[in-house]
Protein chains: 2
Amino acid sequence: MSTISAQSVADRAFAPRAAVGLRAEAGFEDRLTQAPLRRIEAKELLFAEGDAASHLYRIETGAIALYTVLNDGRRQIMGFAYPGDLLGLGIKREHDMNAQAIKPTRVRCLSAASLRQAAAKDPALALKLYEALAAELAATRDLLITTGQRSALERVAGFLLAFSRRNDRNGLDPEAFELPMTRTDIGDLLGLTIETVSRTLTKLRSLRVIELPRCHEVRVRNLDALERMAEGAGQEASHASQAI
Amino acid sequence: MSTISAQSVADRAFAPRAAVGLRAEAGFEDRLTQAPLRRIEAKELLFAEGDAASHLYRIETGAIALYTVLNDGRRQIMGFAYPGDLLGLGIKREHDMNAQAIKPTRVRCLSAASLRQAAAKDPALALKLYEALAAELAATRDLLITTGQRSALERVAGFLLAFSRRNDRNGLDPEAFELPMTRTDIGDLLGLTIETVSRTLTKLRSLRVIELPRCHEVRVRNLDALERMAEGAGQEASHASQAI
DNA sequence: CGCCATATTGAATCGATTCAAGAAACGTGG
DNA sequence: CCACGTTTCTTGAATCGATTCAATATGGCG
């Protein structure tokens with residue numbers, strides 16, 4: 001559910017994929033370390049809808065929200081990008097979304113034109129970009145399942161769980177993390193109002209599943225319960241997985 | 001909203017993209033016309049979740065639903081694929097979705113392994129695959145906005161509008177089309193129940209926006225109104241697009 | 001310290017769902 | 001070709017989960 005995150009999808013990916021990635025890694029990583037670094041303040045836009053899609057970005061530190069806005073102001077966040085994630089993978093000449101930092105952020109900027117040229121000559125690089133795009137698609141599909149099918153409790157539980165799992169992958173504490181975004185951001189990601197997000201967090205707290213020392217700080221008290229709630233163990237006797 | 005459809009996204013794409021596509025078109029099209037044709041009955045699966053992702057498919061005739069099923073049976077349709085659309089664009093070794101024909105369908109089958117090899121040597125082909133994947137991502141994002149932000153009326157109106165526009169692109173009547181899928185399918189795409197889909201269609205009919213000669217046959221009576229409803233002109237005085 | 005953003009909580013409402021009953025459409029076999 | 005059974009669709013009534021509106025509370029920051 002953390003979306004956009006190539007890492008978050010790695011969970012479900014297969015070993016050979018990583019192996020292929022390694023060959024390309026060298027050249028691509030070189031390219032990135034040489035790429036200019038850009039600093040963005042919280043709330044500043046990295047790019048906006050309609051801007052020329054001149055660069056591919058990689059988040060170094062911080063976090064960025066990707067979103068579109070409907071003509072009446074409703075906003076759908078497509079995902080949050082965290083360190084290591086790539087932004088701007090499309091093939092369009094202009095961005096069709098807004099990318100806004102939700103905290104001070106640093107990104108590496110690669111020229112889209114030269115990257116495209118390089119990819120035409122280097123199949124390993126091309127494959128790497130293809131994989132990154134496929135990962136973004138997988139993350140978007142995850143979120144689609146969430147907004148299309150899940151209850152508020154499942155959405156919020158799943159959202160929190162994604163932080164726990166990301167921490168786990170990164171060797172950090174899977175039972176304590178910070179929410180860098182506002183309740184409004186969470187709501188606009190999950191298709192809920194800010195009030196519902198707040199109420200649902202309160203409910204998880206009163207169920208002793210999480211603690212909220214501060215409103216942007218989460219401590220997981222019962223990871224199993226959180227996982228069950230994300231899967232829809234709201235109240236009903238859990239339907240046997242594949243039983244008839 | 002018709003999702004997955006490379007065509008449906010072409011609307012929003014830019015001229016140079018098509019130009020680039022043309023060069024690759026020749027080789028790719030050759031490859032496809034030589035590829036074996038497979039016939040699938042209605043309700044038959046082209047592939048299922050967990051199957052080896054051995055092939056890339058292109059729909060020749062018919063229609064296919066792409067979906068995932070949650071452990072408790074809820075189903076999210078990610079999109080419908082129509083003639084010309086590509087299926088199986090991922091990089092994973094196994095499919096992470098089900099592809100089920102919703103009417104008798106014919107598909108061309110390309111070996112994923114050989115295609116991958118060819119793409120490594122032919123940047124134009126690689127770009128074509130990349131574009132197709134980007135189109136699928138764009139379509140999925142559209143659907144995410146729909147399920148995340150829109151009301152039942154907006155969802156159904158937008159869904160119908162996609163058929164109208166597809167017909168328009170194909171030189172067919174934009175005011176008459178057939179719905180190849182069931183109400184259940186529509187509901188599982190849009191994140192609504194079958195009853196809500198039915199009621200909403202009835203509402204559009206009683207508002208004289210559409211006619212339903214048969215339940216799988218739609219005639220648009222007021223395209224403007226349908227477009228307005230898809231954009232959220234439910235009842236409120238439509239907010240000026242970009243006004244402050 | 002005090003202010004403005006953000007977050008929480010409550011009460012009333014509303015849109016969509018659920019449960020339930022028919023109606024229509026479809027396919028199949030007589 | 002019609003009758004039948006089955007599936008799909010429609011419609012109604014009651015319910016429920018999430019939203020809306022409104023009133024505090026909290027907290028980050030100048």
Side-chain angles (χ1 to χ4, degrees), chain A residues 41-43 65 72-75 100 102-104 146-157 159-160 178-207 210-218 229 232 234-236, chain B residues 41-43 65 72-76 102-104 146-157 159-160 178-207 210-218 229 232 234-236:
Chain A
E41 296 307 314
K43 302 191 179 172
D72 62 355
R74 283 175 288 179
R75 184 176 71 140
Q100 184 177 35
I102 55 178
K103 57 153 101 172
T146 293
T147 61
Q149 302 296 332
R150 297 201 225 262
S151 69
L153 186 63
E154 291 170 293
R155 294 184 205 200
V156 174
F159 176 74
L160 295 179
E178 190 212 347
L179 299 175
M181 68 288 291
T182 66
R183 300 289 188 263
T184 301
D185 289 334
I186 299 174
D188 287 349
L189 179 83
L190 299 177
L192 299 171
T193 60
I194 172 176
E195 295 95 331
T196 301
V197 172
S198 183
R199 273 187 253 274
T200 306
L201 286 169
T202 301
K203 184 174 181 180
L204 285 170
R205 195 189 51 193
S206 58
L207 288 172
I210 60 168
E211 284 173 51
L212 286 166
R214 291 187 228 148
C215 64
H216 288 271
E217 208 175 302
V218 177
M229 293 184 155
Q235 46 224 39
E236 67 282 358
Chain B
E41 297 306 315
K43 302 190 180 174
D72 61 355
R74 283 175 289 179
R75 183 177 73 140
Q76 177 67 48
I102 56 178
K103 56 154 101 173
T146 293
T147 61
Q149 302 296 332
R150 297 201 225 262
S151 69
L153 186 63
E154 293 170 292
R155 294 184 206 200
V156 173
F159 176 74
L160 295 179
E178 190 212 348
L179 299 175
M181 68 289 292
T182 66
R183 300 287 188 263
T184 302
D185 289 335
I186 300 175
D188 287 349
L189 178 83
L190 300 177
L192 299 171
T193 60
I194 173 176
E195 294 96 331
T196 300
V197 172
S198 181
R199 274 187 251 274
T200 306
L201 286 170
T202 301
K203 184 174 182 180
L204 285 170
R205 196 189 51 193
S206 58
L207 288 172
I210 61 168
E211 284 172 53
L212 287 166
R214 289 187 230 147
C215 64
H216 288 272
E217 207 175 305
V218 178
M229 292 182 156
Q235 47 222 39
E236 66 282 357

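Every value quoted in this text rests on a predicted model; they were computed, and no experiment measured them. All chains are named by letter (A, B, ...) in the order of the sequence lines, taking the proteins before the strands, and each is independently numbered beginning at 1.
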Taking only residues two or more places apart in sequence, or in another chain, which ones meet A:Glu178 in a side chain to side chain donor-acceptor pair (under 3.5 Å)? none

Side chain to side chain donor-acceptor pair (under 3.5 Å) involving B:Thr196 - partner list, sequence neighbours excluded: B:Thr193

Between B:Arg155 and B:Arg150, is there a donor-acceptor pair closer than 3.5 Å when you use the side chain of the first and the backbone of the second? yes

Which pair of non-hydrogen atoms, one from B:Ala65 and one from B:Ile102, has the smallest distance, and what is that distance? CB-CG2, 3.9 Å

Bend angle of the helix from C:dT6-D:dA25 to C:dG30-D:dC1, from helix axes over five pairs at each end, nearest 10°: 50°

Applying side chain to side chain donor-acceptor pair (under 3.5 Å), can you list everything that pairs with A:Arg74, at least two apart in sequence or on another chain? A:Asp72, B:Glu154

Taken to the nearest whole Å, CZ/A:Arg205 to P/C:dA7 is 14 Å

Between protein and nucleotides 18-23 of chain D, what N or O pairs are separated by less than 3.5 Å?
unit_1: D:dA18; atom_1: OP1; unit_2: A:Ala152; atom_2: N; d: 2.6
unit_1: D:dT19; atom_1: OP2; unit_2: A:Thr193; atom_2: N; d: 3.3
unit_1: D:dT19; atom_1: OP2; unit_2: A:Thr193; atom_2: OG1; d: 3.2
unit_1: D:dT19; atom_1: OP2; unit_2: A:Thr196; atom_2: OG1; d: 2.3
unit_1: D:dT20; atom_1: O4; unit_2: A:Arg199; atom_2: NH2; d: 2.6
unit_1: D:dC21; atom_1: N4; unit_2: A:Glu195; atom_2: OE2; d: 3.1

B:Glu217: salt bridge (Lys or Arg N to Asp or Glu O under 4.0 Å) partners, not counting sequence neighbours: B:Arg214

Could you tell me the separation between the CD atom of A:Glu178 and the P atom of D:dG28, rounded to a whole number of Å? 11 Å

Residues passing the salt bridge (Lys or Arg N to Asp or Glu O under 4.0 Å) test with B:Arg75, sequence neighbours excluded, are B:Asp185, B:Asp188

What pairs of nitrogen or oxygen atoms, one from the protein and one from nucleotides 5-9 of chain D, lie under 3.5 Å apart?
unit_1: D:dC9; atom_1: OP1; unit_2: B:Arg183; atom_2: N; d: 3.2
unit_1: D:dC9; atom_1: OP1; unit_2: B:His216; atom_2: NE2; d: 3.1
unit_1: D:dC9; atom_1: OP2; unit_2: B:Arg183; atom_2: N; d: 3.0

Can you sort out the partners of B:Leu212 under side chain to side chain contact (heavy atoms under 4.5 Å, CB included), two or more places apart, ordered by chain and number? B:Leu201, B:Arg205, B:Ile210, B:Val218

Syn if the chi torsion is within 90° of 0, anti otherwise; quick check, which is D:dA22? anti

Is the backbone of A:Pro180 close enough, under 3.5 Å, to the side chain of A:His216 for a donor and an acceptor to pair up by distance? no

Please state how far atom CD in B:Glu154 lies from atom P in C:dG15, giving the value in whole angstrom units. 12 Å

Once you round it to whole Å, what is the distance between P of C:dT6 and CG of A:Leu212? 18 Å

Ignoring hydrogens and angles, tell me if any N or O in the side chain of A:Ser206 forms a donor-acceptor pair with the backbone of A:Thr202 under 3.5 Å. yes

Rounded interatomic separation in angstrom, taking NZ from A:Lys103 and P from C:dT6: 17 Å

Specify the separation, in whole Å, of atom CG of B:Leu190 and atom P of C:dG15. 18 Å

Rounded to the nearest angstrom, tell me the gap between atom CG in A:Asp185 and atom C1' in C:dA5. 13 Å

With sequence neighbours left out, the residues meeting salt bridge (Lys or Arg N to Asp or Glu O under 4.0 Å) with B:Glu211 are B:Arg221

